[in-house]
Each structure stands twice: as C-alpha cells, then as structure tokens.
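Structure record follows, encoded as structure tokens.
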Amino acid sequence: MIAATVRAARSLTPSVTQYWLTATPGGAPLPTAVPGQHVTVRTGPRLRTFTVVQVLDEGYELAIRNRHRGRRGDVLSPRLHVGASVSVGDPGGHFTAEHAAPLTHFLAGGVGINPVLAVLTDGRLRGWRLLYVDRGQDEFPFLSELLELAAEQGGSVTIHDTATDGRPDWAAIAGGIPPGATIGLCGPPGMVTAVREAIDAAEGERHLVADGPAPTGAGSIPQAVEVECVRTGITFRANQRQSLLTELNRNGVPVPSSCRQGICGTCEIEVRSGRIDHRDEVLTDQEKAESGYMIACVSKSMGERLVLNV
C-alpha cells in the first residue's frame, strides 16, 4: 500500500464527509484510478474500501458515511482527519466512467451515489434516469451537483426518502424501466439483492451493472439460528433465508423498521452474544468488529445461536 495524507475534509450532510487524499510529500505517487473505482484505505489497524468520486492531480476525492447510530457529532474514526496519515491500495472495480455499455438508468442507495456521480460527471451519457434512495431530507449528498448534471445532460433525478416514503416498491420500479435498458445499481447489500430479484421477476430483459458492498462472511452463514430475546423472554428458531427483522416480527418480537435495506438504522438491535455478518451502511468499522449491535433487516448471524436485547 502507498502512503497518503488527508489533505482536506468537509461535511456534505449530517452523516457524510468529503475527504481529499493526496500522496505523502516525498513519497510515491498514488496508484492511477478511474472515477468510480474502489480503493482500500488503511487507518491504523482498520481497512475499508471506498469509491473514488473524482481523481485529483495527486490523489483522490472520497465521500464517506460517518454515521454512528444516527448521532450527528460522531465520525468514522479519530484517525481520519485533516493531516492524518493513511495507506491506499490499488484501485479496482468495473462500475466506472469507462464502462463499455451506455447506462440509461441508475438506482443508488446512500453513499452508493458515489460511483453514479463519477459516471455522470464524465459527461458521456445523455437522457439518463436516476432514482436516489436515502433516509432524511438532509441526507442526500451531491444532490445539487446531480440536479445540475441532469439539466445539462437531459437526465432526471428522483429522490426517495425512506423516512417519509417508506421502502421503495422495487417490483414497480423495475417494471417501470423499459426492457433493453442498462441499469447501474449501487447501494447496501439488502438493496442490491432486492433490486436483483425485482429485475429478474420483471417481464422483458434488462441488463444490470451492479456495484455494492459484499457480505463480510460469505460462505459461513448457517441456514438456521436459535434466537434468544432477553427482554421479551422469547426464544425461536430463525430461518436465515429470511431477514432477522422478518423472523423477529413473525415470532412476536416487534422491531421498528423503515428502509429494510441497511441504510437508515431504525431496526438496530443490541447483541448480547453472537458473531454477526454485518451487511449495513450504518455501523462503524469498530462497532462491526465488536458486534455489540446489528441492523436486523440485512445482517446475519455467523453462528447457530444469537442472544439479543429485545
């Protein structure tokens, strides 16, 4: 990995911060990247992968969701600040401004907007359509830039606020995209899975170019798990082909929810015991490593027993 420095940072929304990384003075140049590619960034012992929104003369622009259970004053890491030293790995990924197929429709959730913005800023596309999903009217980073691009390129931007509009009807959305369209999709795993299923079920063929975070524990998820709910005194066997949120509600443990895609954090649950495959965009790296909380709509148990404080 190559040494880099956080040159600057600014807040985009209450939970998203824009960072500019450049090569360390006197050090090696950062690897060449294409907007939309991912780069792995090491801050101390942590490794996380982020999208390159724009490429600078000496580095990259990133936009990172720093949300910590909805508290606006929290940050991703005390190590990620202006002047901080980090390390950057080689860029990768295929959802970029150089993608061969002309994308006509975009579906983006949360900071999944980053590669979409990178593709649109390149300026090659015209007449595109974007559905942008997030939670909270002040939580849509780059919205003004996207609206300007839409005006310049004959595109359109529709926002879907899960705080007021609930979960998107992906079946209806998929059916409203004309057959033959090429769809760019980026968001948390729950959203990516839901959209894939809706596209597969829709009449006519649509080409999907998906780019989103992968589950962290692929291949190690048991089919069923015993769930003990401490506060309600209920224990049941959960089928992990269903979401834990669905299984909790089905077994008489009501848990509030909104987006059901790992974006909003409404269905966060305290974990007393168990290892979690975190698939959300809400918890920080440290919280995921500690597995003291989980987002019930998308995350899974990596063991056969789970004890929850619900």
Side-chain angles (χ1 to χ4, degrees), residues 1-25 27-68 72 74-99 106 108-122 132 134 139-146 149 184 186-188 211-214 216 262-263 280-286 288:
M1 302 185 80
I2 305 298
T5 301
V6 181
R7 188 188 74 187
R10 75 180 179 101
S11 176
L12 292 175
T13 77
S15 72
V16 177
T17 302
Q18 190 174 18
Y19 294 95
W20 288 267
L21 303 187
T22 58
T24 298
L30 296 185
T32 301
V34 175
Q37 284 188 308
H38 301 301
V39 291
T40 299
V41 178
R42 180 188 293 275
T43 59
R46 299 186 195 174
L47 284 171
R48 277 191 73 180
T49 300
F50 305 113
T51 300
V52 176
V53 181
Q54 292 297 326
V55 177
L56 313 174
D57 290 341
E58 299 179 348
Y60 319 126
E61 172 194 325
L62 311 175
I64 299 172
R65 173 146 277 157
N66 295 332
R67 183 161 51 200
H68 172 83
R72 296 184 176 185
D74 294 323
V75 295
L76 174 73
S77 165
R79 297 184 177 89
L80 196 59
H81 55 81
V82 176
S85 295
V86 300
S87 299
V88 177
D90 290 334
H94 59 274
F95 193 123
T96 73
E98 297 183 351
H99 192 273
F106 296 90
V111 290
I113 196 62
N114 292 345
V116 174
L117 177 65
V119 171
L120 297 180
T121 301
D122 179 70
Y132 186 3
D134 212 320
E139 283 292 0
F140 288 83
F142 300 118
L143 181 57
S144 60
E145 291 92 329
L146 291 162
L149 288 169
C186 190
D211 186 42
T216 58
I263 297 174
D280 64 273
E281 208 179 88
V282 178
L283 302 179
T284 64
D285 285 347
Q286 183 173 348
K288 290 179 179 180

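Atoms considered below: every heavy atom in the structure, side chains included; atoms not considered: hydrogens, waters and symmetry mates. Not measured: the values here are computed from a predicted model.
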Legend entry - Side chain proximity check, Leu21 to Val41, heavy atoms < 4.5 angstrom: yes
Next item on the list: Would you mind reporting whether Val82 and Tyr19 have side-chain heavy atoms less than 4.5 Å apart?
Entry: no
Correct closest heavy-atom pair for Val52 and Leu62 would be CA-CD2, 4.0 Å
With sequence neighbours left out, the residues meeting ring pair (Phe, Tyr, Trp, His ring centres under 6.0 Å) with Phe106 are none
What one should report as the nearest heavy-atom pair of Pro91 and Ala33 is CG-CB, 3.7 Å
Taking Asn114 for its side chain and Ala63 for its backbone only, find out whether a donor-acceptor pair lies under 3.5 Å. yes
Here the gap from Glu139 atom CD to Leu12 atom CG, rounded to the nearest 0.5 Å, amounts to 10.0 Å
Side chain to side chain donor-acceptor pair (under 3.5 Å) filter on Thr17, not counting sequence neighbours, yields Asn66
Correct closest heavy-atom pair for Ala28 and Ala23 would be O-CB, 3.6 Å
Value for CG (Asp90) from OG1 (Thr40), rounded to nearest 0.5 Å, stands at 9.0 Å
Just so I know, are the side chains of Asp122 and Val119 near enough to count as touching, which here means a heavy-atom distance under 4.5 Å?
no
Minimal heavy-atom distance between Cys186 and Gly112, with the atoms involved, is CB-O, 3.4 Å
d(Glu58 CD, Trp20 CH2) to nearest 0.5 Å is 15.5 Å
Criterion side-chain contact (heavy atoms from CB on, under 4.5 Å) on Val16 and Val111, from CA distance to verdict: CA-CA 8 Å; Val16 177; Val111 290; 4.1 Å; yes
Are any non-hydrogen side-chain atoms of Leu143 and Ile113 less than 4.5 angstrom apart?
no
Practice prompt. Taking the side chain as every heavy atom from C-beta outward, state whether Tyr60 and Pro35 have any atom pair closer than 4.5 Å.
Written response: no
The reported gap from CG in Asp57 to CG in Leu30 (rounded to nearest 0.5 angstrom) is 12.0 Å
Between Pro31 and Gly89, the two heavy atoms sitting closest are CG-O, 4.1 Å
What one should report as the nearest heavy-atom pair of Ile2 and Pro29 is CG2-O, 3.8 Å
d(Leu146 CG, Thr121 OG1) to nearest 0.5 Å is 7.5 Å
The reported gap from CD in Glu61 to OG1 in Thr22 (rounded to nearest 0.5 angstrom) is 13.0 Å
May I ask you to test the Thr13-Phe140 pair for a side-chain heavy-atom distance under 4.5 Å?
no
Can you give the donor-acceptor pairs under 3.5 Å from side chains of residues 3-10 to other protein atoms, not counting sequence neighbours?
residue : atom : partner : partner atom : Å
Thr5    : OG1  : Thr24   : OG1          : 3.4
Arg10   : NE   : Gln18   : OE1          : 2.6
Arg10   : NH2  : Gln18   : OE1          : 3.0

